[in-house]
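To start, the structure itself, in structure tokens.
This is a predicted model, so every value here is computed, not measured. This chain uses plain numbering: 1 for the first residue, then up along the sequence.
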Amino acid sequence: MENTKNGQENNHRKVIIIGSGPAGLTAALYSARASLQPLVFEGVQPGGQLMITTEVENYPGFEHGIQGPELMDVMRKQAHRFGAESVYKNIDKVDFSSSPLKVTDEEGRQYTCDTVIVSTGASAKWIGLETEKKFMGYGVSSCATCDGFFFRGMKVIVVGGGDTAMEEASYLTRHASEVILIHRRDEFRASKIMQERAKGNPKIRIIMDTVVEEILGTEEDGRKTVTGARVRNVKTNEETTLECSGFFTAIGHEPNSKLFKGILDMDENGYLITQPSSSKTNIEGVFACGDVQDNYYRQAVTAAGSGCMAAIDAERYLETKEYEESLVKAKA
């Protein structure tokens with residue numbers, strides 16, 4: 001932070017970015033290159049969902065793939081090279097009721113700014129098993145599009161009963177030899193057309209009224225491998241062991257948007273609403289990007305693209321604001 005003439009800390013920035021991940025760090029890179037000196041609040045667990053991803057093979061520019069944490073580190077260093085600054089604290093409170101905009105960190109320190117870019121992401125909903133955590137990134141995933149390729153010719157399990165589960169199961173049939181779709185109830189929540197698509201696919205085997213009790217696997221020389229799952233029929237309590245090489249939890253995502261409830265417009269699921277072909281929210285000077293406003297694509301590359309959009313929108317907003325203020329001063 002810069003110091004004012006009286007030695008007090010100056011906590012004002014032109015751009016403050018709340019959240020990291022591909023969206024936040026791309027927004028930081030673009031706004032830093034525009035000489036806006038962004039301040040990025042990365043939280044206590046920076047880097048977003050890619051920090052729990054091992055191999056990333058579908059991000060452009062890395063022919064042989066790259067580890068998720070390594071990709072985030074490279075993106076962060078690139079943004080810092082142009083003047084972005086990271087703070088590894090959470091933002092606990094925001095006040096967008098007047099200009100300048102205000103955010104307060106977990107220690108009660110308040111910062112003011114001309115624009116805010118929200119890139120707090122979304123979190124996959126997990127079953128809650130200890131073995132789910134143990135094998136996360138080593139056969140356990142929440143993104144078929146991201147990781148399906150690793151299971152070519154293998155048997156995989158998908159857990160869920162909504163549209164997300166149907167989409168994940170259908171997509172995985174492009175790669176896997178068999179997809180076992182497990183649902184805890186006796187009927188799906190998914191739309192009729194999505195159910196028909198899954199049920200009509202010969203590579204998808206559906207098991208109803210069943211819950212997963214444990215994900216099975218091995219660990220040798222630090223290398224973890226999923227080998228199957230122990231499941232239980234909720235009506236008969238009969239337990240069965242299913243073989244698989246991949247395990248996909250597809251029970252939905254939850255946007256990390258609680259901080260903005262009642263302040264920024266959001267849909268019924270909590271995803272922030274932005275104006276068409278824009279990152280603008282309902283509050284002037286506040287922009288949103290990445291998975292916190294994208295409930296459809298949820299990819300690292302699309303998050304990065306929307307981070308670029310948010311930075312450009314913020315830069316143009318500041319330019320317009322400065323121009324309008326100069327006109328007012330000229331008339332005074």
Side-chain angles (χ1 to χ4, degrees), residues 21-23 48-50 52-53 55-59 68 121-127 132 136-137 139-212 215 226 229 231 242 244-256 267-273 290-306:
Q49 293 187 72
L50 284 186
I52 58 171
T53 303
E55 195 77 13
V56 179
E57 291 195 329
N58 57 0
Y59 198 89
S123 300
K125 295 179 181 177
W126 299 99
I127 300 172
E132 192 177 37
M136 194 177 296
V140 172
S141 172
S142 64
C143 180
T145 310
C146 309
D147 300 325
F149 180 82
F150 297 113
F151 301 96
R152 293 185 71 87
M154 302 179 189
K155 186 182 293 186
V156 300
I157 287 175
V158 175
V159 176
D163 281 353
T164 298
M166 303 298 141
E167 289 174 3
E168 299 277 274
S170 296
Y171 176 83
L172 285 165
T173 60
R174 303 180 188 180
H175 305 291
S177 60
E178 182 184 17
V179 178
I180 303 172
L181 179 59
I182 297 175
H183 185 45
R184 61 182 176 175
R185 297 190 177 94
D186 57 4
E187 60 181 21
F188 290 120
R189 303 186 316 276
S191 59
K192 186 177 180 180
I193 189 170
M194 293 301 297
Q195 290 189 47
E196 290 175 350
R197 195 173 297 170
K199 291 176 180 177
N201 193 316
K203 293 179 76 175
I204 297 177
R205 175 157 64 104
I206 297 173
I207 301 178
M208 307 294 283
D209 299 316
T210 299
V211 294
V212 178
I215 299 169
V226 168
V231 302
L242 302 172
C244 71
S245 299
F247 186 96
F248 291 82
T249 303
I251 56 178
H253 287 74
E254 183 177 6
N256 302 322
D267 66 15
E268 64 276 9
N269 295 314
Y271 287 91
L272 299 185
I273 297 173
D291 287 7
V292 74
Q293 56 86 47
D294 173 20
N295 65 352
Y296 186 77
Y297 296 103
R298 296 196 299 265
Q299 299 296 302
V301 68
T302 53
S306 68

Considering non-hydrogen atoms only, spot the tightest contact between [X] and [Y] and give its length.
X: Gly160; Y: Ala165; answer: C-CB, 3.4 Å
X: Pro22; Y: Ala300; answer: CB-O, 3.5 Å
X: Val212; Y: Ala229; answer: CG1-CB, 4.3 Å
X: Arg298; Y: Asp294; answer: N-OD2, 3.0 Å
X: Asp291; Y: Ala303; answer: OD1-CB, 4.4 Å
X: Ala144; Y: Leu172; answer: CB-CG, 3.7 Å

Would you say [X] and [Y] make side-chain contact, with heavy atoms under 4.5 Å?
X: Met166; Y: Arg197; value: no
X: Asn58; Y: Val301; value: no
X: Lys155; Y: Ile180; value: yes

(message) If the threshold is 4.0 Å, N to carboxylate O, is there a salt bridge linking Lys125 and Glu254?
(response)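 So Lys125 does not pair with Glu254 through a salt bridge.
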(message) Filter on disulfide bond (SG atoms under 2.5 Å apart), then keep only pairs touching residues 139-183, sequence neighbours left out; what's left?
(response)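 Qualifying pairs: Cys143-Cys146.
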(request) Please identify each residue that fulfils ring pair (Phe, Tyr, Trp, His ring centres under 6.0 Å) with Tyr271, with sequence neighbours left out. (result)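 In terms of ring pair (Phe, Tyr, Trp, His ring centres under 6.0 Å), with neighbours along the sequence ignored, Tyr271 is linked to no residue.
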(message) According to ring pair (Phe, Tyr, Trp, His ring centres under 6.0 Å), who are the partners of His253, at least two apart in sequence or on a separate chain?
(response)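 Applying ring pair (Phe, Tyr, Trp, His ring centres under 6.0 Å) to His253 gives none.
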(request) Apply the test side chain to side chain contact (heavy atoms under 4.5 Å, CB included) to residues Leu242 and Ile182: give CA-CA distance (whole Å), side-chain angles for both, the deciding distance (0.1 Å), then the verdict. (result) CA-CA 11 Å; Leu242 302 172; Ile182 297 175; 3.9 Å; yes
Between the side chain of [X] and the main-chain N/O of [Y], is any donor-acceptor distance below 3.5 Å?
X: Glu132; Y: Trp126; result: no
X: Ser142; Y: Thr249; result: no
X: Asp267; Y: Gly270; result: yes

(request) For a side-chain contact (heavy atoms from CB on, under 4.5 Å) with Val231, tell me which candidate from Ile207, Val159, Thr210 qualifies. (result)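 Considering Ile207, Val159, Thr210, a side-chain contact (heavy atoms from CB on, under 4.5 Å) with Val231 is found only for Thr210.
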For residues 185-196, run the donor-acceptor check on the side chains, cut-off 3.5 Å, and write out each pair with its distance to 0.1 Å, sequence neighbours left out.
unit_1	atom_1	unit_2	atom_2	d
Ser191	OG	Asp163	OD1	3.1
Gln195	OE1	Lys199	NZ	3.4
Gln195	NE2	Ala190	O	2.8

(message) Quick check for you: to the nearest 0.5 Å, what is the distance between Arg205 atom CZ and Leu181 atom CG?
(response)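 Answer for the CZ-CG pair, Arg205 versus Leu181, is 11.0 Å.
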(request) Please assess Phe248 against Phe151 for the test ring-ring contact (aromatic ring centres under 6.0 Å, His included), listing each intermediate value before the final yes or no. (result) CA-CA 11 Å; Phe248 291 82; Phe151 301 96; 5.6 Å; yes
(request) Could you tell me which residues satisfy side-chain hydrogen bond (donor to acceptor under 3.5 Å, both in side chains) with Ser141, sequence neighbours excluded, listed by chain and number? (result)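 Applying side-chain hydrogen bond (donor to acceptor under 3.5 Å, both in side chains) to Ser141 gives Asp147.
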(request) Sequence neighbours left out, what passes side-chain hydrogen bond (donor to acceptor under 3.5 Å, both in side chains) with Ser170? Give chain and number order. (result)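 None.
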(message) For Lys203 and Val179: C-alpha separation, side-chain torsions, deciding distance, then whether side chain to side chain contact (heavy atoms under 4.5 Å, CB included) applies.
(response) CA-CA 6 Å; Lys203 293 179 76 175; Val179 178; 5.6 Å; no
